[in-house]
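What follows is a single structure, written as structure tokens, with notes after it.
The structure presented is a predicted model; accordingly, all values stated were derived computationally and were not measured. Letters A, B, ... are given to chains in the order of the sequence lines, protein chains preceding strands, and every chain is numbered from 1.
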Amino acid sequence: MLGAIRTLMEFAGEPFYKSMAYERAAETLENAPPVAGLIAAGELEKLPGIGKTLAARIAEIATTGSSAYYEELAARYPPSLAELLAVPGIGIKTAQVLFRDFGIASLADLERALDAGTLVGVARLGTKSLENVRRGILAYKGRTTRTPLGRALPLAQRLTAYLAAGGQAADLACVGSVRRAEVTVGDIDIVCTSSEPGDVIARFVRFEDARAVLAEGVTKASIWLEGGLQIDLRVLPQDVYGNLLQHFTGSREHNIQLREYAVRKGLRVSENGILDVATGVNRTCRTEEEVYAALDLPYIAPEMRLGVGELDAALAGTLPAPVTLEELRGDFHMHSTWSDGRDSLEDMIAAAAARGYAYHAISEHSPGRGHIGVGADRLRTRRALVREIEAKYGVRTLCSSEVDIRSDGTLDYDDATLADLDLVVASVHSAMNLSHDAMTARLIRACENPYVTIIGHPTGRNVETFGGYDFDHDAVFEAAARTGTALEIDGQPKRLDLPSAMARRARDFGVTFSLDSDAHAVEQLDNVAYAVGQARRAWITRDEVLNARPLEDVLSFVAAKRKRSARAAE
DNA sequence: GCCGTTTTCGGCCCGACTGTTTTCAGTCG
């Protein structure tokens with residue numbers, strides 16, 4: 001809605017920086033915790049770039065679904081007008097000319113005008129520009145939705161390997177939204193250093209999957225792949241590699257805020273270095289750490305460069321150090337052929353040991369999932385088998401289960417069976433369309449169950465197809481913190497659940513997190529890296545992560561909850 | 001519309017590429 005307001009403001013000729021404020025606020029909110037919670041806490045105005053007016057508009061939109069200001073603007077233009085601005089290559093100036101001078105108010109109008117030749121001879125719209133507009137229309141129509149991280153990352157790795165094989169590129173790195181671990185990305189950004197940038201760019205535009213070359217300059221090029229995914233490459237000299245990484249990693253908002261801060265110190269920050277305006281001295285940095293140090297800032301992790309308050313926290317010295325992959329000592333959520341996994345129990349245990357884990361848990365499904373579930377009797381026979389195998393590989397395999405949470409919040413095993421498990425992951429797999437109140441009660445009841453250690457994939461979202469169940473997030477976060485129940489960040493690329501913005505909110509409640517792979521095959525144990533990426537976006541530290549703790553602390557986390565509940569029952 | 005460790009008014013990040021131009025406007029990230 002803020003983005004739509006911004007577009008209409010541009011058409012209406014509102015001052016540039018006024019409409020820009022709406023665009024920046026929209027971007028900030030995308031990476032901020034859920035708006036409802038911020039409004040309830042009165043914290044909207046704490047976000048950078050959101051003041052009195054925008055806070056009021058946002059609250060109005062959140063509560064009523066629209067804004068009087070928006071309605072007033074929208075009434076002045078045909079609703080199809082925004083299509084023009086969505087065409088790559090058409091910006092506000094061109095769109096205004098098309099609408100004002102030619103009455104073009106939709107994509108269909110534009111195509112008719114192109115075919116009829118009515119746009120020939122328009123100032124600043126020569127034959128090449130008109131060709132580009134046609135190409136832009138094709139791209140607009142054939143555009144795919146944003147690409148999930150789980151597809152973008154392997155593709156980015158293939159591209160960097162391809163460029164590396166050319167032999168002229170050094171310091172190849174994937175930056176932009178992929179490096180920030182955004183759940184979906186609009187494009188892929190790659191940087192490298194080279195003394196022969198022309199050769200690197202020439203190789204880049206010849207990439208076998210390239211369907212069009214959008215731009216091909218001296219240091220920068222862009223290509224489109226099949227389906228419209230855009231890849232941008234930037235090549236600079238080695239001595240500015242740190243500046244280059246920094247410039248192309250932060251979100252637009254992070255970078256704007258950083259440069260505004262630098263300007264106040266008399267410095268101009270760009271990919272070419274840090275320019276001291278007074279002396280004219282340009283400082284180049286080989287590493288990103290040097291860039292932040294040169295600005296008198298602590299290092300800010302790539303996943304935290306979102307423009308949602310990290311700069312203020314860094315300046316105040318309160319920015320937490322986010323958990324790292326290396327800090328994990330185990331993984332509580334993986335499946336074997338005992339339920340719906342592809343690999344055997346022994347393969348999964350061997351693979352967990354090979355990763356250097358001190359411990360892990362095999363969490364098979366419960367009978368509620370039908371034939372893939374493990375019955376209570378089989379669960380007991382599994383324990384002896386697990387003990388035998390784990391001894392062979394020198395890893396502690398915890399006997400666990402991913403137990404279904406039924407509609408009423410009760411679990412799919414009886415208490416005796418649950419008590420026999422080392423820890424319990426409890427997840428919703430059914431009746432996902434319960435009402436807001438029923439789903440909230442269901443999840444809170446699961447948290448209050450003394451045997452539930454971790455709530456698995458707490459929102460149930462699928463990054464491409466489902467936003468997640470409808471429930472009161474804050475109420476569940478409060479219950480999780482109060483009962484000593486961990487919330488999972490599931491690393492399956494299609495889940496990434498909890499979503500990072502919600503995890504950051506949950507963190508404020510004092511929740512403990514579990515970063516798991518939810519692997520259904522050996523190689524999927526790598527999914528845990530995605531979970532870590534989301535945790536870092538949420539500012540989660542090592543101490544807040546259950547599977548970053550020593551085994552004895554994990555076991556006492558489980559025991560403490562069971563004991564506390566037993567006491568409460570007396 | 002937002003914001004301030006000079007400021008409550010007057011600024012507002014920075015640079016590459018393209019096409020249409022003879023020095024720059026428009027778009028993009």
* Between B:dG15 atom C1' and A:R234 atom CZ, what is the distance in whole Å? -> 7 Å
* Taking atom P of B:dC14 as reference, at what distance in whole Å does atom CD1 of A:I274 sit? -> 12 Å
* Asked: Counting only N and O atoms by type, is there a donor-acceptor contact under 3.5 Å from the side chain of A:N282 to the main-chain atoms of A:N272?
  -> yes
* Inter-nucleotide P distance (B:dG29, B:dT22), Å rounded -> 27 Å
* **A:K93, NZ: over 12 other non-hydrogen atoms inside 6.0 angstrom** => no
* **Check: A:E83/A:Y140 side-chain N/O donor and acceptor closer than 3.5 Å** => no
* To do: Could you measure between the two P atoms, the one in B:dG19 and the one in B:dC12, and give it in whole Å?
  => 30 Å
* Asked: What string of B, S and - do you get for nucleotides 23-29 of chain B 5' to 3' if you count protein non-hydrogen atoms under 4.0 Å?
  -> --BSSSS
* Between A:S194 and A:D199, is a side-chain contact (heavy atoms from CB on, under 4.5 Å) present by the stated rule, with each step listed? -> CA-CA 9 Å; A:S194 178; A:D199 293 356; over 6 Å; no
* Structure fact -> pair_partner(B:dT27), Watson-Crick or wobble, both distances < 3.5 Å, evaluates to B:dA16
* Atom CD1 of A:I223 to atom C1' of B:dA16: distance rounded to whole Å? -> 17 Å
* Nucleotide B:dC14, atom P - distance to OH of A:Y261 in whole Å -> 14 Å
* To do: For B:dT20 and B:dA25, measure between their C1' atoms and round to the nearest Å.
  => 9 Å
* Structure fact -> Here the distance between atom P of B:dA16 and atom CG of A:L244, to the nearest Å, is 12 Å
* Asked: Does any donor atom in the side chain of A:E544 or A:T541 lie under 3.5 Å from an acceptor atom in the other side chain?
  -> yes
* **Passing option when A:F207 is tested against A:L225, A:V213, A:I231 for side chain to side chain contact (heavy atoms under 4.5 Å, CB included)** => A:L225
* To do: Could you tell me the separation between the CG atom of A:L275 and the P atom of B:dC14, rounded to a whole number of Å?
  => 9 Å
* To do: Please check the phosphate of B:dG15 (OP1 and OP2 only) for any side-chain N or O of A:N255 closer than 4.0 Å.
  => no
* Do NZ/NE/NH1/NH2 and the carboxylate oxygens of A:R495 and A:E488 come within less than 4.0 Å? -> no
* Asked: Taking atom types as modelled, is there a side-chain donor on A:T219 or A:R234 under 3.5 Å from an acceptor on the other?
  -> yes
* To do: Find which nucleotide of DNA chain B each of A:V263 and A:T219 is nearest to by heavy atoms, and output the residue with the more 5' nucleotide.
  => A:V263
* P spacing across the pair B:dC14 / B:dT8, given as an integer number of angstrom -> 23 Å
* Kindly say whether A:E60 contributes a backbone atom to a donor-acceptor pair with the side chain of A:T63 at under 3.5 angstrom? => yes
* Testing A:T193, A:D239, A:D171 for side chain to side chain donor-acceptor pair (under 3.5 Å) with A:R286, which one passes? -> A:D171
* To do: Take atom CG of A:L233 and atom C1' of B:dG15, then tell me their distance rounded to the nearest Å.
  => 16 Å
Identify each atom pair where a protein N or O and an N or O of nucleotides 1-4 of chain B are less than 3.5 Å apart, giving names and distance.
unit_1 : atom_1 : unit_2 : atom_2 : d
B:dC2  : OP1    : A:G51  : N      : 2.7
B:dC2  : OP1    : A:G51  : O      : 3.3
B:dC2  : OP1    : A:L54  : N      : 3.1
B:dC3  : OP1    : A:G49  : N      : 2.9

* To do: Please determine if A:R57 forms a cation-pi arrangement with A:Y69, meaning its NZ or CZ atom is less than 6.0 Å from the six-membered ring centre and no more than 45° off the ring axis.
  => yes
* Asked: Using the C1' atom in both, what is the distance from B:dT6 to B:dG1, to the nearest Å?
  -> 23 Å
* Integer angstrom distance from the C1' of B:dG11 to that of B:dA16 -> 25 Å
* Is there side-chain contact between A:Y22 and A:L8, with at least one heavy-atom pair below 4.5 Å? -> no
* To do: Please work out if A:Q257 contacts a base, only the sugar-phosphate, or nothing of the nucleic acid, heavy-atom cut-off 4.0 Å.
  => nothing
* Asked: So which of residues 127-134 of chain A are in contact with DNA chain B, with a heavy-atom cut-off of under 4.0 Å?
  -> A:T127, A:K128, A:S129, A:N132
